[in-house]
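Some notes on the structure that comes next.
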Amino acid sequence: SFSKYDKTVLLPRKRFIYHYNNMRWARGRHETYLCFVVKRRIGPDTLSFDFGHLRNRTGCHVELLFLRYLGALCPGLWGYGETKLTYSITWFCSWSPCADCSSKLAQFLRQTPNLRLRIFVSRLYFCDREDGLEREGLRMLKRAGVHITVMSYKDFFYCWQTFVACNQSRFKPWAELHRNSVRLARKLNRILQPCETEDLRDAFKLLGL
DNA sequence: ATTTTCAAT
């Protein structure tokens with residue numbers, strides 16, 4: 001239930017820096033953090049509705065934990081007719097989702113068209129193999145309408161201001177932040193480019209075959 | 001050149 005996480009507690013500075021560091025060899029990050037902002041859409045306007053952060057639990061990746069809390073975070077998401085509300089969620093995750101989470105998220109989002117999701121990630125989780133399931137998972141999310149982006153300086157800066165107990169201290173970027181972000185963004189772009197077989201599938205679909 | 005990864009002890 002909602003009370004299981006304390007949304008009033010901000011992330012300690014060191015924890016944020018350690019877990020969101022986008023270094024190439026992120027040794028020992030055996031946890032994943034997810035900072036989120038929930039916005040309710042009313043007509044053309046969006047209103048910030050809630051924010052906070054979550055950490056994975058043993059046996060439950062943080063994305064699926066978030067889905068568990070979704071009903072409490074977005075009242076009216078599953079209403080009928082007039083009572084059905086539209087939400088936009090932006091989350092910032094220290095790792096990109098695994099194949100299983102991507103698949104479950106994509107499936108969930110297809111069933112919930114009144115929910116928009118934007119995902120920022122600090123690092124790419126198991127995305128080295130060309131034919132890896134994690135890569136395909138990210139493409140599935142894209143096809144389900146999710147915008148996935150690698151976090152850049154402005155995103156880390158925003159998270160620092162929003163989710164971290166920064167006590168008005170300014171965000172100090174670590175060495176290589178920008179370089180790593182650019183490298184990972186290029187890698188993600190290559191991953192998200194539809195592969196040849198998908199192009200063919202789309203072409204067949206257009207032709208009605 | 002190679003290193004890690006929502007742990008497993």
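Because the structure is predicted, anything quoted here is derived from the model rather than measured. Proteins get letters first, then strands, A, B, ... in listed order; numbering begins at 1 in each. The figures that follow rest on heavy atoms only: side chains count, while hydrogens, waters and symmetry mates do not.
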How about A:Trp174 and A:Phe156: are their ring centres within less than 6.0 Å of each other?
yes
May I have the distance from A:His53 (atom NE2) to B:dC6 (atom C1'), rounded to whole angstrom?
15 Å
CZ of A:Arg68 versus P of B:dC6: gap in Å, rounded?
18 Å
Can you measure A:Leu105 atom CG to B:dC6 atom C1' for me and round it to whole angstrom units?
13 Å
Would you mind reading off the distance between A:Met23 atom CE and B:dT5 atom C1', rounded to a whole angstrom?
13 Å
Pairs: protein N or O with nucleotides 1-4 of chain B N or O, under 3.5 Å:
residue	atom	partner	partner atom	Å
B:dT3	N3	A:Trp25	NE1	2.7
B:dT3	O4	A:Trp25	NE1	2.9
B:dT4	O4	A:Asp128	OD2	2.7

Under 6.0 Å from the CG atom of A:Leu109, do we count more than 12 heavy atoms belonging to anything else shown?
yes
Protein-nucleotide distance (A:Asn56, atom CG; B:dC6, atom C1'), rounded to Å
4 Å
Run the side chain to side chain contact (heavy atoms under 4.5 Å, CB included) check on A:Leu65 and A:Leu67 step by step: do they pass?
CA-CA 5 Å; A:Leu65 197 63; A:Leu67 286 188; over 6 Å; no
Mind checking the C1' distance from B:dA8 to B:dT4? Whole angstroms is fine.
16 Å
May I ask you to evaluate whether A:Tyr33 reaches the phosphate of B:dC6, defined as a side-chain N or O under 4.0 Å from OP1 or OP2?
no
Salt bridge (Lys or Arg N to Asp or Glu O under 4.0 Å), that's the test. Do A:Glu136 and A:Arg143 meet it? Break it down for me.
CA-CA 10 Å; A:Glu136 183 50 33; A:Arg143 292 197 294 271; 3.0 Å; yes
Distance check needed: B:dT5 C1' versus A:Asn21 CG, whole Å only.
14 Å
Grab the CG-P distance between A:Asn22 and B:dT5 for me, whole Å please.
16 Å
What's the gap between B:dA1 and B:dT5 when it is taken at their P atoms, as a whole Å value?
23 Å
To the nearest Å, how far apart are A:Glu134 CD and B:dT5 P?
14 Å
Start with the C-alpha distance between A:Ile89 and A:Leu73, add both sets of side-chain angles, then the distance that settles side chain to side chain contact (heavy atoms under 4.5 Å, CB included), and finish with yes or no.
CA-CA 10 Å; A:Ile89 289 170; A:Leu73 286 167; over 6 Å; no
Under 5.5 Å between ring centres and under 30° between planes: does that hold for A:Phe126 against the base of B:dT5?
yes
In this structure, is the centre-to-centre distance between the rings of A:His53 and A:Phe163 below 6.0 Å?
no
So, do A:Tyr158 and A:Phe92 have ring centers that fall under 6.0 Å from each other?
yes
Need one value for A:Ser122: base, sugar-phosphate or nothing, where a base atom within 4.0 Å counts as base even if backbone is also close, heavy atoms only.
nothing
